[in-house]
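For reference, the structure discussed in these notes is given below.
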Amino acid sequence: MTTLLILTVLVLVAIAIWQMTKIFELSQLRADSLNGQIATDEDNKNNGYMLFAFLIFIYGITIFSFAKYYKMLLPEAASAHGGNYDTLMWVSFAIIFFVQTITQALLHYFGYKYRGQKGRKALFFADNDKLEFIWTIIPVIVLAGLIIWGLYSWTTIMDVNDEDDPLVVELYAQQFNWTARYAGDDNVLGDASVRLIDIDRANVLGIDEADPNGQDDIIVKELHLPVGRKVNFYMRSQDVLHSAYMPHFRAQMNCVPGMITKFSFTPTITTEEMRQNPDVVEKVKRTNKLRAEWADEGKPNTDPWEFDYVLLCNKICGKSHYNMQMKIIVESEEDYNKWLAEQKTFGASMAPAAE
């Protein structure tokens, strides 16, 4: 890989030197020797046709990309706010592609229609108030609408409060893994600080052992969420800037060292239900077909894959950034309570160390 990069750089340097040489040669030519290099009407017409060819290429590659890679998009949102998030995204896409289609068509058409021709002089307007108003006010209205809609959506999503009896969970980020902490029966997280981390006593999150609210906290490496119940996430980072990214829930929030950030959402689709989603079924089928081909070639990581929700880090936080993920299971309230009852509390896990 290093050799390829070096060769690429050398080729680019050679091209740059060649181009600078050409520029120097042209700068030394006298005006009368350049007459043969002035574009003719035929040259301008051919360039106009090439503009149309490039326009077709732009539209073609756009259609091809959507047709081929549409299947790579995420399935339906699995959170209460995700539908509005997706609608805003698709409306933005539609506006962008509509404007792109119109403006690119006009740009290339005008490049052909008003090409240079012998005996034709360009008509020049110093200004046109009507045109200036039109191409200023329309983008202002459209962008203002999208921004207001986006701000409203963001404000709604970021309304982290104690209404509807939310489940309280902390996501703790460190190079290169995640740890989740549930608030326990009192639904209140105990105080914690990186200064209180004691690896020898297995206090990996720095929970204040003197805080009674922390005694029933539950520390796990796999995140379970009850479907239909609001979850308030409180996020910390031990070392560098991380970003808690849960793509299927359309949720992301930075984890900043020295401060607590927050995010809230309500899961609406269980893991088992999402596994039956046609888009997910098709994706699993494609993935396992590819893994089977890899297995035949003796490549690693070829075990059959089953869909799971996942928590990722969306900041490049170091050399093992790609490993930083946690499995998320969305299940019924009954299954969630059963799983939670099987977990050991922080107080119980610290009791042997205190004896």
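One is the number of the first residue; the rest follow in order along the sequence. The structure presented is a predicted model; accordingly, all values stated were derived computationally and were not measured. All heavy atoms count here, side chains included; hydrogens, waters and symmetry mates do not.
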Examine the side chains of Thr87 and Asn84 and answer whether a donor and an acceptor come within less than 3.5 Å of each other.
-> no
Does one side chain, of Lys283 or Asn277, offer a donor that lies under 3.5 Å from an acceptor on the other?
-> no
[atom1]/[X]: more than 12 non-hydrogen atoms of other groups inside 6.0 Å:
X      : atom1 : value
Trp294 : CH2   : no
Tyr59  : OH    : yes
Trp90  : CH2   : yes
Tyr85  : OH    : no
Met50  : CE    : no
Asn323 : CG    : yes
Lys221 : NZ    : yes
Ile316 : CD1   : no

Does Lys230 come within less than 4.0 Å of Asp165, counting only side-chain N to carboxylate O?
-> no
Between [X] and [Y], is there a donor-acceptor pair closer than 3.5 Å when you use the side chain of the first and the backbone of the second?
X      : Y      : answer
Asp216 : Asp186 : yes
Asp239 : Gln175 : yes
Asn187 : Pro166 : yes
His81  : Arg250 : yes
Asn161 : Glu163 : yes
Arg181 : Gly214 : no
Gln215 : Glu209 : yes
Thr268 : Ala78  : yes
Arg291 : Asp303 : yes
Asp208 : Ser193 : no

Looking only at heavy atoms, which two atoms of [X] and [Y] are closest? And how far apart?
X      : Y      : answer
Phe265 : Ser79  : CD1-CB, 4.1 Å
Thr62  : Phe97  : CG2-CE2, 4.1 Å
Asn44  : Gly116 : ND2-O, 2.8 Å
Val194 : Arg236 : N-NH1, 4.3 Å
Ile207 : Ala192 : CA-CB, 3.9 Å
Ala180 : Met326 : N-CE, 3.8 Å

Answer yes or no: is there a side-chain heavy-atom contact under 4.5 Å between [X] and [Y]?
X      : Y      : value
Leu74  : His248 : yes
Trp305 : Val284 : yes
Val9   : Val13  : yes
Lys299 : Glu293 : no
Leu171 : Leu223 : yes
Leu189 : Asp217 : yes
Glu282 : Lys71  : no
Asn254 : Met235 : no

First locate atom [atom1] of [X], then atom [atom2] of [Y], and finally report the distance between them rounded to the nearest 0.5 Å.
X      : Y      : atom1 : atom2 : value
Trp178 : Gln325 : CH2   : CD    : 11.5 Å
Cys255 : Ile260 : SG    : CD1   : 11.0 Å
Leu290 : Lys285 : CG    : NZ    : 14.5 Å
Thr266 : Arg229 : OG1   : CZ    : 10.5 Å
Glu273 : Gln276 : CD    : CD    : 9.0 Å
Asp43  : Thr40  : CG    : OG1   : 3.5 Å

Check for me, please, whether [X] and [Y] land in the same ILVMFWY cluster - side-chain distances under 4.5 Å, paths through other members count.
X      : Y      : answer
Val227 : Phe307 : yes
Tyr336 : Met274 : yes
Leu340 : Leu167 : yes
Met158 : Val169 : yes
Ile56  : Leu107 : no

When you look at His108 and Phe54, which way does the side-chain contact (heavy atoms from CB on, under 4.5 Å) test go after all the steps?
-> CA-CA 9 Å; His108 290 76; Phe54 187 68; 3.6 Å; yes
Tyr182 and ring pair (Phe, Tyr, Trp, His ring centres under 6.0 Å): which partner among Trp339, Tyr234, Tyr172?
-> Trp339
For residues 327-334, tabulate all N or O donor-acceptor pairs below 3.5 Å that involve a side-chain atom, not counting sequence neighbours.
unit_1: Glu331; atom_1: OE2; unit_2: His224; atom_2: ND1; d: 2.8
unit_1: Ser332; atom_1: OG; unit_2: Asp335; atom_2: N; d: 3.2
unit_1: Ser332; atom_1: OG; unit_2: Asp335; atom_2: OD2; d: 3.2

Worked check of side-chain contact (heavy atoms from CB on, under 4.5 Å) between Ser237 and Val256 = CA-CA 5 Å; Ser237 172; Val256 184; 6.0 Å; no
Residue pair Arg115, Leu51: steps toward the side-chain contact (heavy atoms from CB on, under 4.5 Å) verdict | CA-CA 11 Å; Arg115 65 191 183 276; Leu51 282 175; over 6 Å; no
Just say parallel, tilted or perpendicular for the rings of Phe52 and Tyr109, cut-offs at 30° and 60°.
-> tilted
May I have the step-by-step check of side-chain contact (heavy atoms from CB on, under 4.5 Å) for Asn213 and Asp191, ending in yes or no?
-> CA-CA 8 Å; Asn213 290 326; Asp191 291 337; over 6 Å; no
